[in-house]
Amino acid sequence: MDAPVLNPAHALRARQLQVVNLICLLLTFITQRNMANKKQVRLPTRKVILERQVVREELLHNLLEGGQCRDLIRMSENAFRRLCEILQTVGGLRRTQRMSVEEHVARFLHIVSNDLRTRFTSWMYRRSRSTTSRCFHRVLRSIIAIEGLYVQQPTGDVVPREIQESTRFYAFFKDCIGAIDGTHVRVHVPNRDAPRYRGRKGYPTINVLAACTFDLKFTYVLTGWEGTASDSRIIKNAFTRNDKLLIPSGKYCLVDGGLPHTNKLMAPYRGVRYHLKEYSMRGPQNSKELFNLRHASLRNTIERAFGVLKRRFPIIRSTTEPFYSSETQSAIFLACCILHNFLLDEDRDINLEDEVMQEILNGPQEQDRCNSTETYEGNRMAEQLRNSIANEMWANYLTHSNN
């Protein structure tokens, strides 16, 4: 009997079913091979796990008992233990099943204090990269959670001790509560965003605005602005945002020539000698020069604060492209400011501060940044206040010089 003849539609259907069957067989083969390969992966034995644990314990023991804690993570053993306690009780940091709070914090500090990459820290602690990354961000969130404890804006109720105890500054600057300036921090951004972040440094940065008191403590930190943003634009935003910069009525902060001169921001006289090195050979010759000299002597507090901060935490001063995103790098800068204030209370390093001061005095002079589009020359009250201080300061200077 002759075989039935299939019509073209049935023949096409049969060929499609054959192709589907072949694909299914191929997928089944690939799946089985992958499963077999996974079974061949060698998991660490109990002996290896114990050896890694011994390495971590020895590392922490040497860190806390070997006398090199300050060199390795920029703080003393007592300050480290105190930080772990605060992050645990206030910052919400918790130990995991296989990692203590101390290891969490030590690994974070190793990274920010030495600008280490995740792969190196992972090898050093015998942990995976994913574990190291999770640990880093866990501690980062915990440090930012304690910001309210260590970054507080001044109320202006008390004259700063650095002014009150100095005849050069008191009572001329008795209403001054701090200094404000900006700094640039290198960041990693996608190529499409690089032009917005590539400012005067030549590589992508974020422009950070910060205020500090005269004992080098940061009182306000605004991060995240792209490197091309002007200082005047950033200061305007700082005064209007929800977490805004607060300067009490009748008080002011010292700023450089890149920011406007207002009732709340006292800038130096432009076109007049300003930098401290400029007065090393010839003293002030008039009231404006004397004002600028003492203004610079006080305002360099913010430069010293930035200098100490970046010396302690090289992760924010590195000239190489960072590993983290711009958002994470902004959070890292804020966390470093919090740690900086914590260490000023718990473990102040006078030698480091002296080194930074010498660098500022002996380093190259920066030109005044006059990138403010609004100079506020019409603010008569601010101008009158500055002139009044300068004239009173000059009269006092002449009296003591004659005596």
K.L.:
Mark yes or no for whether H261, through its side chain, and A267, through its backbone, hold a donor-acceptor pair below 3.5 Å.
P.N.:
yes
K.L.:
May I ask you to test the M75-L83 pair for a side-chain heavy-atom distance under 4.5 Å?
P.N.:
yes
K.L.:
Decide, yes or no, whether a salt bridge links R81 with E65 under the criterion of side-chain N to carboxylate O below 4.0 Å.
P.N.:
yes
K.L.:
Examine the side chains of T131 and S128 and answer whether a donor and an acceptor come within less than 3.5 Å of each other.
P.N.:
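S128 and T131 do have a side-chain donor-acceptor pair below 3.5 Å.
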K.L.:
Between N78 and S76, is there a side-chain donor-acceptor contact under 3.5 Å, judged purely by atom types and distance?
P.N.:
no
K.L.:
Looking only at side-chain N and O atoms, does N387 offer a donor or acceptor that is under 3.5 Å from a partner on Y269?
P.N.:
yes
K.L.:
Side chains of L60 and E103: closer than 4.5 Å at any heavy-atom pair?
P.N.:
yes
K.L.:
Which heavy-atom pair separates A79 from E346 by the least distance, and what is that distance?
P.N.:
CB-CB, 4.4 Å
K.L.:
Working to the nearest 0.5 Å, report the span between CG of L259 and CD1 of I234.
P.N.:
9.0 Å
K.L.:
Do T121 and R127 have side-chain heavy atoms sitting under 4.5 Å apart?
P.N.:
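No, too far: nothing below the 4.5 Å cut-off.
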K.L.:
With sequence neighbours left out, write down each residue that passes ring pair (Phe, Tyr, Trp, His ring centres under 6.0 Å) with F120, or none if nothing qualifies.
P.N.:
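With neighbours one apart ignored, the set is W123.
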K.L.:
Looking only at non-hydrogen atoms, find the nearest pair between L72 and N114 and report the distance.
P.N.:
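For L72 and N114, the tightest heavy-atom pair comes out as O-ND2, 2.9 Å.
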K.L.:
May I ask you to check if R117 and F323 form a cation-pi contact, with NZ or CZ under 6.0 angstrom from the six-membered ring centre and within 45° of the axis?
P.N.:
no
K.L.:
Which pairs would a plain distance check flag for residues 334-344, meaning a side-chain donor or acceptor within less than 3.5 Å of a matching protein atom at least two apart in sequence or in another chain?
P.N.:
from: H340; atom 1: NE2; to: L216; atom 2: O; distance (Å): 2.8
from: N341; atom 1: OD1; to: F218; atom 2: N; distance (Å): 3.0
from: N341; atom 1: ND2; to: Y150; atom 2: O; distance (Å): 2.8
from: N341; atom 1: ND2; to: F218; atom 2: O; distance (Å): 2.8

K.L.:
A side-chain contact here means heavy atoms from C-beta on lying under 4.5 Å apart; do V151 and Y220 qualify?
P.N.:
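Answer no - side chains too far apart.
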K.L.:
Is there a side-chain contact between Y274 and E289, using heavy atoms and a 4.5 Å cut-off?
P.N.:
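With C-beta onward as the side chain, the pair stays apart.
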K.L.:
Is there a donor-acceptor pair closer than 3.5 Å between any side-chain N or O of E392 and the backbone N or O of A390?
P.N.:
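No, the answer is negative, given that no donor and acceptor are paired below the 3.5 Å cut-off.
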K.L.:
Below 4.5 Å, heavy atoms only, C-beta onward: do V356 and I360 meet side chain to side chain?
P.N.:
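Touching, per the 4.5 Å side-chain cut-off.
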K.L.:
Any salt bridge (charged side-chain N to carboxylate O under 4.0 Å, His left out) pairs touching residues 141-150, not counting sequence neighbours?
P.N.:
none
K.L.:
According to side chain to side chain donor-acceptor pair (under 3.5 Å), who are the partners of S326, at least two apart in sequence or on a separate chain?
P.N.:
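By the side chain to side chain donor-acceptor pair (under 3.5 Å) rule, S326 matches no residue at all.
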K.L.:
Among R74, R70, R82, find the one that has a side chain to side chain donor-acceptor pair (under 3.5 Å) with D347.
P.N.:
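Looking at R74, R70, R82, the match for D347 under the side chain to side chain donor-acceptor pair (under 3.5 Å) is R70.
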K.L.:
Please list every donor-acceptor pair under 3.5 Å in which a side-chain atom of residues 161-178 meets a protein atom from a residue at least two apart or in another chain.
P.N.:
from: S166; atom 1: OG; to: R168; atom 2: N; distance (Å): 3.3
from: D175; atom 1: OD1; to: K251; atom 2: NZ; distance (Å): 3.3

K.L.:
Check this for me, if you would: do E303 and R299 make a salt bridge, where the nitrogen-to-carboxylate-oxygen distance has to be below 4.0 angstrom?
P.N.:
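Salt bridge: yes.
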K.L.:
Distance check, rounded to the nearest 0.5 Å: T155 atom OG1 versus D157 atom CG?
P.N.:
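With rounding to 0.5 Å, OG1 (T155) is 3.5 Å from CG (D157).
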K.L.:
Does anything in residues 51-109 form a ring pair (Phe, Tyr, Trp, His ring centres under 6.0 Å)? List the pairs, not counting sequence neighbours.
P.N.:
F108-F136
K.L.:
For residues 304-313, which residue pairs pass the salt bridge (charged side-chain N to carboxylate O under 4.0 Å, His left out) check, not counting sequence neighbours?
P.N.:
R311-E355, R311-E359
K.L.:
What I'd like to find out is whether the side chain of L385 reaches to under 4.5 Å of the side chain of M266, using heavy atoms alone.
P.N.:
yes
K.L.:
Any carboxylate oxygen within less than 4.0 angstrom of a Lys/Arg side-chain nitrogen, looking at E383 and R386?
P.N.:
yes
K.L.:
Looking at every non-hydrogen atom in both residues, tell me the closest pair between N391 and S287 and how far apart they are.
P.N.:
OD1-OG, 3.7 Å
K.L.:
Sequence neighbours excluded, which residues qualify as side chain to side chain contact (heavy atoms under 4.5 Å, CB included) partners of T223?
P.N.:
V208, V221, S330, F333
K.L.:
Is there a donor-acceptor contact under 3.5 Å linking the side chains of T132 and T118?
P.N.:
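Short answer, no.
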K.L.:
Looking at E102 and R95, is any side-chain nitrogen of the basic one under 4.0 Å from a carboxylate oxygen of the acidic one?
P.N.:
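Looking at R95 and E102, the cut-off is not met.
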K.L.:
Answer yes or no: are there more than 12 heavy-atom neighbours, outside R119 itself, under 6.0 Å from its atom CZ?
P.N.:
no
K.L.:
E226: which residues meet the side chain to side chain donor-acceptor pair (under 3.5 Å) condition with it, sequence neighbours left out?
P.N.:
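Here no residue qualifies.
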K.L.:
Once you round to the nearest 0.5 Å, how far does CD1 of I146 lie from CG of L93?
P.N.:
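So the CD1 of I146 and the CG of L93 are separated by 10.0 Å.
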K.L.:
Taking the side chain as every heavy atom from C-beta outward, state whether N396 and M393 have any atom pair closer than 4.5 Å.
P.N.:
no
K.L.:
Listed by chain and number, what are the salt bridge (charged side-chain N to carboxylate O under 4.0 Å, His left out) partners of R134, not counting sequence neighbours?
P.N.:
none
K.L.:
OG/S388 to CE/M381 distance, rounded to the nearest 0.5 angstrom?
P.N.:
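Reported to 0.5 Å precision, the distance equals 12.0 Å.
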K.L.:
Return the CD1 to OH distance between I180 and Y252, rounded to the nearest 0.5 Å.
P.N.:
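Between I180 CD1 and Y252 OH, I get 12.5 Å after rounding to 0.5 Å.
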K.L.:
Which is it for T213 and T219 under the side chain to side chain donor-acceptor pair (under 3.5 Å) test, yes or no, and what are the steps along the way?
P.N.:
CA-CA 7 Å; T213 54; T219 58; over 6 Å; no
K.L.:
Considering residues at least two apart in sequence or located in another chain, which fulfil the side chain to side chain contact (heavy atoms under 4.5 Å, CB included) criterion with P322?
P.N.:
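By the side chain to side chain contact (heavy atoms under 4.5 Å, CB included) rule, P322 matches R186, H188, Q329.
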K.L.:
List the atom pairs, donor and acceptor, that lie under 3.5 Å between side-chain atoms in residues 240-248 and the rest of the protein, sequence neighbours left out.
P.N.:
from: T240; atom 1: OG1; to: K236; atom 2: O; distance (Å): 3.2
from: T240; atom 1: OG1; to: N237; atom 2: O; distance (Å): 3.3
from: R241; atom 1: NE; to: D243; atom 2: OD1; distance (Å): 2.7
from: R241; atom 1: NH1; to: N237; atom 2: OD1; distance (Å): 2.7

K.L.:
Does the Lys NZ or Arg CZ of R107 fall within the cation-pi geometry relative to Y125 - under 6.0 Å from the ring centre and within 45° of the axis?
P.N.:
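So R107 does make the cation-pi contact.
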